Amino acid sequence: MNEPIDTFRQRVFQIVDAIPRGRIATYGDVARLAGSPRAARQVGGILSRLPAGSRLPWHRVVNRLGGISLPGEDFIRQKTALEAEGVEFGPEGKIDLSRYRWVW
DNA sequence: TACGTGACTTTCG
DNA sequence: TCGAAAGCCACGT
C-alpha cells in the first residue's frame, strides 16, 4: 500500500529531515544526495513550497557560500533557528561550512 | 494540456 | 580570473 514514491521531491524531504541538529547542508548537497547534482534550484523551489507544519528542518539548508538566500523576514527566521541550534554566523552573516557542513 | 518561473550549482569561453 | 549559460524538477496560471 504505501508505495514509496521515489520522486525527487520525496527524496529531498527525507534528506533534509535527516540533517542532524546543529549541522547544515547546501542546496547542491541535497540535490546530489537526491540523485540530481544539477537540481539545486529545485531544492530551493521545493522548500519554498513546503506545507506549513511539515516539521522539516528547512532552515538547515543554505547556499554553497554558507549564506541564506531568503529575503527579509524569512532570512531572520532561518538565522534565528540555526543560532538556536548552536550554529554560529560569521561577520557577513555566513556560516563556516568547513565547520558545520553535514556532508562533504 | 502547455508554458513560464524559481530559496542554486556547475561548467565553458 | 570573471562573466554568461545550461541543467534540473515541481508548481502555478
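Please read all numbers here as calculations on a predicted model, not as lab measurements. Residue numbers begin at 1 in each chain, while the letters A, B, ... track the order of the sequences. Computed over heavy atoms, backbone and side chain alike; hydrogens, waters and symmetry mates excluded.
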Close side-chain approach of A:Val30 to A:Trp102, heavy-atom, < 4.5 Å | no

What is the distance, rounded to the nearest whole Å, between atom CG of A:Leu97 and atom C1' of B:dT9?
-> 14 Å

Whole-Å gap separating P (C:dC8) and CZ (A:Arg11) | 15 Å

A:Arg41 side chain N/O closer than 4.0 Å to the phosphate oxygens (OP1, OP2) of C:dA10?
-> no

Atom-to-atom span, CZ of A:Arg64 to C1' of B:dT9 - whole angstrom = 7 Å

Please report, rounded to the nearest Å, how far the P atom of C:dC8 is from the CG atom of A:Leu33.
-> 18 Å

Closest to the A:Arg38 side chain: B:dC8, C:dA10, B:dT11?
-> B:dT11

Cluster link A:Val103 to A:Ile19, ILVMFWY, side chain under 4.5 Å | yes

Closest-nucleotide 5' rank along DNA chain C - winner of A:Arg9 and A:Ala39 = A:Ala39

Length of the CH2-C1' vector between A:Trp58 and B:dC8, whole Å = 16 Å

Distance check: side-chain N/O of A:Arg49 vs OP1/OP2 of C:dC9, anything under 4.0 Å?
-> no

Rounded to whole Å, CG of A:Leu70 lies from P of B:dG6 at a distance of 15 Å

In whole angstrom, give the distance that lies between atom OH of A:Tyr27 and atom P of C:dC9.
-> 18 Å

Can you give the donor-acceptor pairs under 3.5 Å from side chains of residues 67-78 of chain A to other protein atoms, not counting sequence neighbours?
from	atom 1	to	atom 2	distance (Å)
A:Ser69	OG	A:Asn63	ND2	3.1
A:Gln78	NE2	A:His59	O	2.9
A:Gln78	NE2	A:Val61	O	2.9

Residue list, salt bridge (Lys or Arg N to Asp or Glu O under 4.0 Å) with A:Glu85, at least two apart or on another chain | A:Arg60

Provide, to the nearest angstrom, the distance between the CG atom belonging to A:Leu47 and the C1' atom belonging to B:dC8.
-> 11 Å

Rounded to the nearest 0.5 Å, the CD1 atom of A:Ile24 sits from the CG atom of A:Leu82 at a distance of 7.5 Å

Is A:Phe8 touching bases, backbone alone, or none of the nucleic acid, heavy atoms closer than 4.0 Å?
-> sugar-phosphate

Is A:Ser36 touching bases, backbone alone, or none of the nucleic acid, heavy atoms closer than 4.0 Å?
-> sugar-phosphate

